[in-house]
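One structure is given here, and the rest of the page talks about it.
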Amino acid sequence: MRKTVIAGNWKMYKTNKEAVEVLTQLKDLTKDVSTVDIVIGAPFTCLSDAVKAVKGSNVKIAAENVYPKEEGAYTGEVSPKMLKDIGVEYVILGHSERREYFGETDEFINQKVKAVLEYGMTPIFCIGEKLEDRESGKTLDVNTRQIKGGLAGLSQEEAKKVIVAYEPVWAIGTGKTATPEMAQETHKEIRNVLAEMFGKDVAEEITIQYGGSMKPENAKDLLSQADIDGGLVGGASLKADSFFEIIKAGK
Ligand code: PEP
């Protein structure tokens, strides 16, 4: 049985104080939720206090990036060992903003996925096509390349621990959402690629989230699709009440 995982991605928003305030509200709102795993991805500066703010609750904390080395002369970077040390449990990897603005390649993301797994944390591994890919019929090619590159060399046991977040780039932060049917079709294709790589049984166990302008108004329709097992939510995760509405839609 796949887990439903609703994760927020706060990107480069929130001071430490703002983060703790929203997490304290969210902790309270979600105290009776038991059927959905709840995650918030917060900036590095908030992570330590974020973990403390949600301690003993249903809310878990994600980092939004990591450098795939244990330690070393990598000025400005943060290692998986450091994240693990402060109680971070998930790491968002390969987000389209990192691919686009920071030139992250499938190969580099693959190193990060492996490093996060090695430290016993859960990668939220993002993939997704751009508008021009979809319009030129390359959606499946692009997603297949990103999955095969990003998850290369993982064992079946490792693959089961990964969360895949399908985020059509044209739907992120634009207010445009894939229709539930369109998203379902792509999720099914993604699961087929995972089955090709790791076997059908493993693919059936992997949580595949949808991301791209998910909000309280459209979450239920998206989350009721057979292969949509959760959401990665940007804008609508910044406030506890709107994020809670999405969590309720996933129950
Ligand atoms: C995201 O940042 O991963 C995202 C899906 O953003 P939004 O929900 O704002 O489109």
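All values below come from the heavy atoms of this structure, side chains included, with hydrogens, waters and symmetry mates left out. For ligands, and for the atoms within them, numbers begin at 1 and follow the listed sequence.
On a distance-only criterion, Thr174 and ligand 1 share no N/O pair closer than 3.5 Å. Residue contacts with ligand 1: Ile172 is placed with no nitrogen or oxygen under 3.5 Å of a nitrogen or oxygen of the ligand (distance criterion only). Considering backbone and side-chain N/O of Gly234, one or more are found under 3.5 Å from N/O of ligand 1. Residue Ser213 places at least one N or O, backbone or side chain, under 3.5 Å from an N or O of ligand 1. Polar contact with ligand 1: present for Gly173 (N/O pair, distance under 3.5 Å).
Side-chain contact check for Glu129 and Trp170: at least one donor-acceptor pair (N or O, by modelled atom type) lies under 3.5 Å. Counted by atom type alone, Gln184 and Tyr210 present zero donor-acceptor pairs between their side chains at under 3.5 Å.
A donor-acceptor contact shorter than 3.5 Å links the side chain of Ser242 to the backbone of Ala236. Looking only at distances, a side-chain donor or acceptor of Arg191 sits under 3.5 Å from a matching main-chain atom of Ala203.
Residue Ala171 places a heavy atom under 4.0 Å from ligand 1.
Of the protein's heavy atoms, Glu167 OE2, 3.0 Å lies nearest to atom 5 (C) of ligand 1. Looking from atom 2 (O) of ligand 1 to the surrounding protein, the closest heavy atom is Lys11 CE, 2.6 Å. Remark: minimum distance from atom 9 (O) of ligand 1 to any protein heavy atom is reached at Gly235 N, 2.9 Å.
Side-chain contact between Leu26 and Ile247: present, with at least one pair of heavy atoms (C-beta onward) separated by less than 4.5 Å. Residues Lys248 and Lys220 are not in side-chain contact: their nearest non-hydrogen atoms beyond the backbone lie 4.5 Å or more apart.
Dense packing is recorded around CD of Glu181, with more than 12 heavy atoms of other residues, nucleotides or ligands lying under 6.0 Å away.
Taking every non-hydrogen atom of Gly212 and a distance limit under 4.0 Å, the qualifying atoms of ligand 1 come out as 5 (C), 10 (O).
Counting heavy atoms under 4.0 Å from ligand 1, residue His95 touches it through the side chain alone.
Ring planes of Tyr74 and Tyr67: tilted class, angle from 30 to 60°.
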